Amino acid sequence: MKLLVCGGAGFIGSAFVHQRVAAGDEVRVLDALTYAGREENVAGLDVELVIGRVEDPDAVRQAATGVDAIVNFAAETHVDRSILDGQAFVLTNSLGTFTLLEEARRRGVRHLQVSTDEVYGSIREGAFTEEHPLEPSSPYSASKAGADLMVLASHHTYGQDVVIARGSNCYGPRQFPEKLIPVMTLNAAHGAPLPVYGDGRQVRTWLHVDDFASGIHAALVHGESGQAYNVGGENEKLNIDVVHRIIGLTGASESQIKHVEDRLGHDFRYALASDKLKAASGWAPRMDFDAGGLESTVHWYLDHPHWWRPLVDTPEYRAYYRRVYGREPDFAPAEV
Ligand code: DAU
């Protein structure tokens, strides 16, 4: 297969690219290389990298030449950033998806939309199936839900070949240090405060990035057109328990935990039922969060300062950190 992977230099996109190249697919990456996308994430792989924005029809048209399918990972993904300023989210996530859909339709190729459990909103008990209405709560999740609706509308209106894969919280190597696990790992290792939002009793279900990547491929190959498929993790955790585990793995101190002001509109819990994808493809997550998944991820960050240091040692990152946490990051720019 020849794939156009949009956002393929980001965290989840690059995990997918690594898998597909190893499996023998031909891959072209379209990536704007914004703050979270990095050429280094796909370095050494036999892929063509096109630098461009998904909401730019000319860039998309050129990049899509000759491909069999478009897989769209390109997104602004961080909820806290969307609360500070949602404009880039609407542009990339909503308009970008629309632009890619138009191109996929023009070419008559499948559009696989990478989406998120956050489009369903928060759930106290049980797990969301794909039939649940979309009730997003943040500017980020609203922009992703808008994209999902546009994808489904293209199928309804034009009979376009589309599939959606909705994942739960991902963890693993190469995640930008703004998300819970890399932020806590770097702070823990540097003796810095561990900023837990509110009481830390919110619940997330963790899915290793390689399992999400294989689930997305399963949906791409086995998914029925016009359908959404949940790709859920099976490791449900309180945030505070994840933080305790990271403290244990890094040799940090419990006294570093600092409860800070809660995220605005914070979703309490996400959970996905993935039976539909399992039945369609036989997909199942392989990495266990408690049996090696978190530990290998924490060690990856500790062993790869050359990967994360250039990301945090920037005025933009320090300004972001100050706005969200009201302090300078303790791991930048000082040496490890
Ligand atoms: O569920 C899938 C989603 O997971 C993706 O669609 C999003 O793109 C991705 O960012 C992630 O969203 P979350 O908001 O759940 O992830 P985050 O790592 O930002 O936060 C995880 C939980 O940890 C959440 O309840 C907020 C909390 N948290 C996060 C940070 C960064 C803290 O308590 N302190 C922190 O410093």
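As the structure is a computational prediction, the values presented were derived from the model and not from experiment. First listed ligand is number 1; within each ligand, the first listed atom is number 1. These values consider heavy atoms only, across backbone and side chains, with no hydrogens, waters or symmetry-generated copies. This chain uses plain numbering: 1 for the first residue, then up along the sequence.
- Using a cut-off of 4.0 Å between Lys/Arg side-chain N and Asp/Glu carboxylate O, E236 and R269 are scored as salt-bridged.
- Here the shortest heavy-atom distance to atom 22 (C) of ligand 1, taken over I240, L272, N239, belongs to N239.
- The distance between the ring centers of H78 and Y140 does not fall below 6.0 angstrom.
- Tested against V151 for a side-chain contact (heavy atoms from CB on, under 4.5 Å), the candidates V163, N72, L112, I164 yield a single pass: I164.
- For F16, the ring pair (Phe, Tyr, Trp, His ring centres under 6.0 Å) partners are F73, not counting sequence neighbours.
- Minimum heavy-atom separation, P173 to V209: CD-CG1, 4.4 Å.
- Clustering of Ile, Leu, Val, Met, Phe, Trp and Tyr side chains at separations under 4.5 Å places L30 together with L4, V50, V54, V60, V67, I70, L100, V109.
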Would F289 and K237 satisfy side-chain contact (heavy atoms from CB on, under 4.5 Å), going step by step from the backbone distance to the final call?
CA-CA 10 Å; F289 189 80; K237 304 280 172 204; 3.6 Å; yes
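- The nearest protein atom to atom 34 (N) of ligand 1, hydrogens excluded, is given as P195 O, 2.8 Å; this is a heavy-atom distance.
- Applying side-chain contact (heavy atoms from CB on, under 4.5 Å) to P195 and the options M184, H259, K258 leaves one that passes, M184.
- Nearest to atom 14 (O) of ligand 1 by heavy-atom distance, out of H266, R263, E76, is R263.
- With respect to atom 16 (O) of ligand 1, the closest heavy atom belonging to the protein is N169 ND2, 3.4 Å.
- Within ligand 1, the atoms closer than 4.0 Å to a non-hydrogen atom of V196 are 33 (O), numbered from 1 in the order shown.
- When non-hydrogen atoms are compared, ligand 1 lies under 4.0 Å from the backbone of T77 as well as from its side chain.
- In terms of polar-atom proximity, L180 is counted as a contact of ligand 1, with an N or O under 3.5 Å from an N or O of the ligand.
- The nearest protein atom to atom 33 (O) of ligand 1, hydrogens excluded, is given as Y197 N, 2.8 Å; this is a heavy-atom distance.
- Residue contacts with ligand 1: E178 is included, with a non-hydrogen atom under 4.0 Å away.
- Per-residue contacts place M184 under 4.0 angstrom from the following atoms of ligand 1 (heavy atoms of the residue considered): 34 (N).
- Here's the thing with Y270: none of its N/O atoms is less than 3.5 angstrom from an N/O atom of ligand 1.
- Remark: minimum distance from atom 36 (O) of ligand 1 to any protein heavy atom is reached at Y325 OH, 2.6 Å.
- Among the atoms of Q202, none of the N or O lies under 3.5 angstrom from an N or O of ligand 1.
- Residues Y320 and E178 bring no donor and acceptor atom of their side chains to less than 3.5 Å of each other.
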Would D303 and H299 count as a side chain to side chain donor-acceptor pair (under 3.5 Å) if you check the C-alpha gap in whole Å, the side-chain angles of each, and the deciding distance to 0.1 Å?
CA-CA 6 Å; D303 293 345; H299 285 133; over 6 Å; no
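- Among protein heavy atoms, the minimum distance from atom 5 (C) of ligand 1 is reached at Y140 OH, 3.6 Å.
- The option from R204, E118, H78 that lies nearest to atom 3 (C) of ligand 1, judged by heavy atoms, is E118.
- In terms of protein heavy-atom proximity, atom 2 (C) of ligand 1 is nearest to D117 OD1, 3.1 Å.
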